Amino acid sequence: MSRRLEPITQPVTFELDGESITAQAGESVAAAFVAAGRSTLSRSIKYHRPRGPYCFSGGCAQCLVRVDGVPNQYACQVPARAGLRVERQNAFPDASVDVLQATDLVFSKWFNHHEFLAGVPIVEKVMLQVARKLAGLGLLPEQPAPARAPALVEQVPVALVGGGAAGLAAARALSERGVDFTLFEREGRCGGRLRIGADDGAPPITLPARGAVRTGATVVGLFADEGPPCLAVVQAERLHLVFYQRLLLANGGQPTLLTFPNNELPGIFAGRAVSRLIRDHRILPGERLAIVGEPDECRALARLVASAGGTPVAVGASPVRAHGLRRVDALTVSLDGREERHACDAVALCTPASPAFELARAAGARVAYSPRARLFVVEADAHGRATPSTWVAGELRGPMSASASAEQGLVAANALADDALKGATP
Amino acid sequence: MSKALLCPCEDVTTSEVEHAIAKGSCDLESVKRFTGFGTGMCQGKQCLTAVARFLEEKVPLKAAQVLPFTPRPPLFPTELSHLASASFDPAVAPAGGVPPSLGLTEGALVPEGRVPERAKIVIIGGGIMGLALAWNLAERGETDVVVLERGYLCAGASGRNGGGVRMQWGTPTLIHLARRSIELMGRFARDLGINVWLRQGGYLFLAKSEAVVAKLERSAALHNKHGVPTQILTADAARDVVPQLSMVGVKAAAWNPLDGVIFPWPFLWGYAQAAKKRGVRVETFTRVTGFEQSQGRVRKVVTDRGDIACDTVVLAAGAWSPAVAALAGVRLPNEPHRHEICSSEPLKPFLGPLVSVLDSGLYFSQSMRGELVGGMGDPKEPAGMNLGSTRRFLTRYAQALTEQLPQLGRIKILRQWSGPYDVTPDNSPVLGPTPGLPNLLQLNGFVGHGFMMAPAVAERMAAWMASGASDELFERFTLQRFAEGRLEREDMIIG
């Protein structure tokens, strides 16, 4: 089972469906939940399958909970604090015994909602009522939102999105070249893979000497309907509309899923979620971890898991099927053409990040499917320029190590600086 | 049970995507709509790659044919209260928006092989109008029909509307058409074998000025005369219908419990599949590039996949109709107007009716999936084809919606998109023969309510085309009326 690698030094207690869970102050609700040895945090929307935290980066939506009366919050993004009231959603009567999981058994492969009972008199009316009751996730809050400060309109010469390996390298280069910039990082601290990845050859985290670095700042959109392009950023519960002249995108990507039966059982984590739990939260999510997927990432993670006292198994194999009722207890893998079943109490799916190309595309960049990486990647020239005013670097452009990302950040930032110092209007 | 999940948010399995492929979906936009993958809380962050890889293997596709579905703002679920905290300039016309283009012109998805060389009837536009007409013609035995669609099914306004269906209209013609449509929607699953999730939760129109009260009272009297049980309610009585509503400034409301909402997409699949089964050919990703005419008739429709010789052409391309008509030298008075719309996170059911504030153009309802789907017309929106999404819309909508239903403040918007209204000078459709080109039939100009009218209009049009018997619909609502100054004004338009 999971265990903490260091004792809790600043305990806080929050409530999960009436049960008290103790967390290290500031760590996420999802991290505390995993550390407490729990597995089912939510139930899935149609089949009521048990779900647990997967990506730990606010991207996958498998850890959605109601927090203090507000539905659909990512448990991995909510800091634990004393008195927090957390409730599971979509489970009847509760998440551990959910009678609606019967739907998962009745519709053993899938549920054809298009044709199920279509046109059967009377029965279809009943189905409509039942379907409406079962649909949805989370309850309407009882209270209106607290008053929000009016959105702040800002102008910046260079907006840099993402404070990981590529973004920080770009920030340092811009700082050295004397180009004024503002970096937006979604997480509370910069570093990205440098901080939470398993890559032991990654460069250290070095913040830029100059320039504004804003953490906890989520870029939620790029709009160009008010003249010049503008980023919509939510930071500290306030909306900021940031108009920029030049944009450098280094916002990486999200862990994707590998496709095999039971690939979303609780206890199956994204590879980078496991390294984050170990490095950032000092939590080992399982004693025997099957580490499967992309071989290089698997090997790096296996070293980290072993150094934390865990036992890596099936390292670098391809997953075939996960086993277990409420959480994973074994994984069948394929290695060198043979199938093997490995008992385990957690699984890490190591995949290159799936590029978060949405911002780049909104900025007008081209996005294409890379047949080699089998990912959608952002296209750019050798200097990372994707449009006249947009530069991109790092994993947005395809799978690469943290060092390679940093190198790209440097190149793109220097190209941007050359352009900016020429004084041209992009 | 052991399911292999491709989209955990919406519980979409490999079996479901295989089924979508078997039903003819071979691009990510179509699979997204057919299965619902990528429409949940993560908006595709976790599943897009997995489904793309699966499709690439199973269809199979070349790399250039693997195109991502259009990403929709916002990039992360964003609270209405934050969106409402910005400001906008009501004096300025909205412009631009993201994404800058539709992305439908990607040549990679154009099917191999040419279109049929001949067909009795060519229908331009594979939206609900064209497909409903094709199916109705096939039902009457006319199966020598080709439907041409420039994108995937649901790419146009038929796939972009909010799914509202109502009998509360301002003219007897539309009241009767809407009643018939809702009746046909109620038995759609029986007729066509696919669920469309008609939920008659009613329409609640709110009026905040005496002028709008007078309009609602006028139309309610007309509804009652034509058998529609619309009632005028006081603000207090309207709050009994939706207890969470704020009634500040509301002077009266109009309420018809028989109106409702549907899920638009299955209509297109249902009509298309049933028409195809009877021999109709539906050609997607096929673009009309011109017409061959002689002696006052259209002889051939020219496409990027070959010409089709034909007897009759029906122009059912919605807001794209003026551009297509221009290829035949015909000027339609219609103009496309962007209407923006958005969808929230899914919530457990709490909202019965579709609520609309007629003064501002705000409307919202709760879909069968639990999302709040709504929009708000922008009086400053200029004419022109623009399917971009704006920050201005999010702010206007969020402000109006949270004012009307304050408890929604912390509810998050998951995605926004837009679709074009096909606006005519009198807000009534353009139907029937074209002056000077009698075998080019018009079936367009529905000003944002074409979806709900389509089942009934297509039924009438197929009967009129097949029998040749006169029908006032195709005599009163002709293109000719604009030249004659004989307008048919409809004023119960939202937005």
Side-chain angles (χ1 to χ4, degrees), chain A residues 44-47 59-62 64 70-72 104-105 108-110 114-115 118-119 124 128 131-132 135-141 144-145 148 150-151 218-225 232 234 239 241 254 256-257 259-264 354 358-359 361-362 364 367 369 371 374-376, chain B residues 1-6 8-11 13-16 40-42 45-46 49-50 52-54 63 66 68 71 73-76 78-79 81-82 85-86 94-100 189-190 193-195 197 199 266 345-350 368-370 390-392 406-407 409-410 412:
Chain A
S44 72
I45 199 157
K46 260 196 287 192
Y47 305 117
C60 78
Q62 277 174 223
L64 295 175
V70 180
N72 297 324
D104 193 32
L105 303 172
S108 65
K109 291 216 151 151
W110 67 294
H114 291 315
E115 286 161 18
E124 75 173 343
L128 193 76
R132 177 152 157 89
L137 203 61
L139 303 168
L140 179 70
R148 302 290 187 204
T218 305
V219 178
V220 298
L222 188 162
F223 296 97
D225 53 299
V234 176
L239 182 67
L241 300 176
Q254 295 284 346
T256 186
L257 265 185
T259 308
F260 56 92
N262 295 327
N263 53 347
E264 33 64 276
S354 178
E358 296 88 349
L359 265 181
R361 187 154 154 172
V367 173
Y369 187 72
R374 306 193 74 202
L375 293 167
F376 292 107
Chain B
M1 295 299 282
S2 51
K3 296 179 171 70
L5 274 291
L6 285 169
C9 293
E10 291 297 313
D11 266 352
T13 68
T14 49
S15 305
E16 194 162 355
M41 284 296 290
C42 94
K45 293 183 186 72
Q46 193 185 8
T49 304
R53 291 172 175 177
F54 192 75
V66 187
L75 304 171
F76 292 95
T78 306
E79 283 184 17
S81 65
H82 289 306
S85 72
V98 292
R190 248 164 289 163
I194 187 163
N195 290 312
W197 311 100
R199 183 173 67 77
E345 62 191 288
L347 297 171
K348 286 288 172 196
F350 71 94
M368 276 296 292
R369 292 155 42 107
T390 65
R391 200 277 304 164
R392 171 190 169 103
Q407 276 169 261
R410 299 212 64 187
K412 301 177 278 301

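On a predicted model such as this, the values are computed, not experimentally measured, just so you know. Below, read A as the first sequence line, B as the second, and so on, with proteins coming before strands; counting in each chain starts at 1.
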Roughly how far apart are [X] [atom1] and [Y] [atom2], rounded to 0.5 Å?
X	Y	atom1	atom2	answer
B/Arg53	A/Leu257	CZ	CG	10.5 Å
A/Arg148	B/His82	CZ	NE2	4.0 Å
B/Leu6	A/Thr259	CG	OG1	4.5 Å
A/Leu139	B/Gln407	CG	CD	11.5 Å
A/Glu264	B/Leu5	CD	CG	3.5 Å
A/Asn72	B/Leu347	CG	CG	7.0 Å

On a heavy-atom basis, which atom in [X] and which in [Y] lie closest, and how many Å separate them?
X	Y	answer
A/Ala151	B/Ala86	CB-CA, 3.6 Å
B/Ala4	A/Pro261	CB-N, 3.7 Å
B/Cys42	A/Gly59	CB-O, 3.1 Å
B/Arg410	A/Val70	NH1-CG2, 3.4 Å
B/Asp11	A/Ser44	OD2-OG, 2.7 Å
B/Val66	A/Phe376	O-CE2, 3.4 Å

Please identify, among [options], the residue contributing the most non-hydrogen atom pairs under 4.5 Å to chain A.
options	value
B/Arg391, B/Lys45, B/Met41	B/Arg391
B/Ala95, B/Ser85, B/Gly96	B/Ser85
B/Gly409, B/Pro266, B/Pro346	B/Pro346
B/Glu345, B/Arg369, B/Arg392	B/Glu345
B/Ala50, B/Ser81, B/Pro74	B/Ser81
B/Ala63, B/Gly40, B/Gly370	B/Ala63

[options]: which one forms the most heavy-atom pairs within less than 4.5 Å of chain B?
options	result
A/Leu359, A/Leu137, A/Leu241, A/Leu239	A/Leu137
A/Gln62, A/Glu115, A/Arg132	A/Arg132
A/Gly138, A/Pro371, A/Ala61	A/Gly138
A/Pro141, A/Ala232, A/Ser354, A/Gly221	A/Pro141

Original post:
Does the distance from a Lys or Arg side-chain N to an Asp or Glu carboxylate O, for A/Glu124 and B/Arg190, drop under 4.0 Å?
Top reply: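 Between B/Arg190 and A/Glu124 there is a salt bridge, with a charged N closer than 4.0 Å to a carboxylate O.
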**OP:** Give, as side chain, backbone, both or neither, the part of B/Pro94 having an atom under 4.5 angstrom from any heavy atom of chain A.
**Re:**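 Nothing of B/Pro94, per the 4.5 Å heavy-atom cut-off to chain A.
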Original post:
Can you say whether B/Thr14 sits under 4.5 Å from chain A via the side chain, the backbone, both, or neither, judging by heavy atoms?
Top reply: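 Side chain of B/Thr14 only, per the 4.5 Å heavy-atom cut-off to chain A.
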**OP:** Taking the side chain as every heavy atom from C-beta outward, state whether A/Arg361 and B/Pro68 have any atom pair closer than 4.5 Å.
**Re:**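 Yes - at least one pair of side-chain heavy atoms lies under 4.5 Å apart.
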Original post:
Is it the side chain or the backbone of A/Thr256 that comes within 4.5 Å of chain B heavy atoms, both, or neither?
Top reply: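 Interface part for A/Thr256: both.
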Subject >> Expected output: side-chain B/Lys3 to main-chain A/Tyr47 donor-acceptor under 3.5 Å >> reply: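 Not a single qualifying donor-acceptor pair exists.
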Original post:
Taking the side chain from B/Arg199 and the backbone from A/Leu128, do they hold a donor-acceptor pair closer than 3.5 Å?
Top reply: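 No, B/Arg199 side chain to A/Leu128 backbone: no donor-acceptor pair under 3.5 Å.
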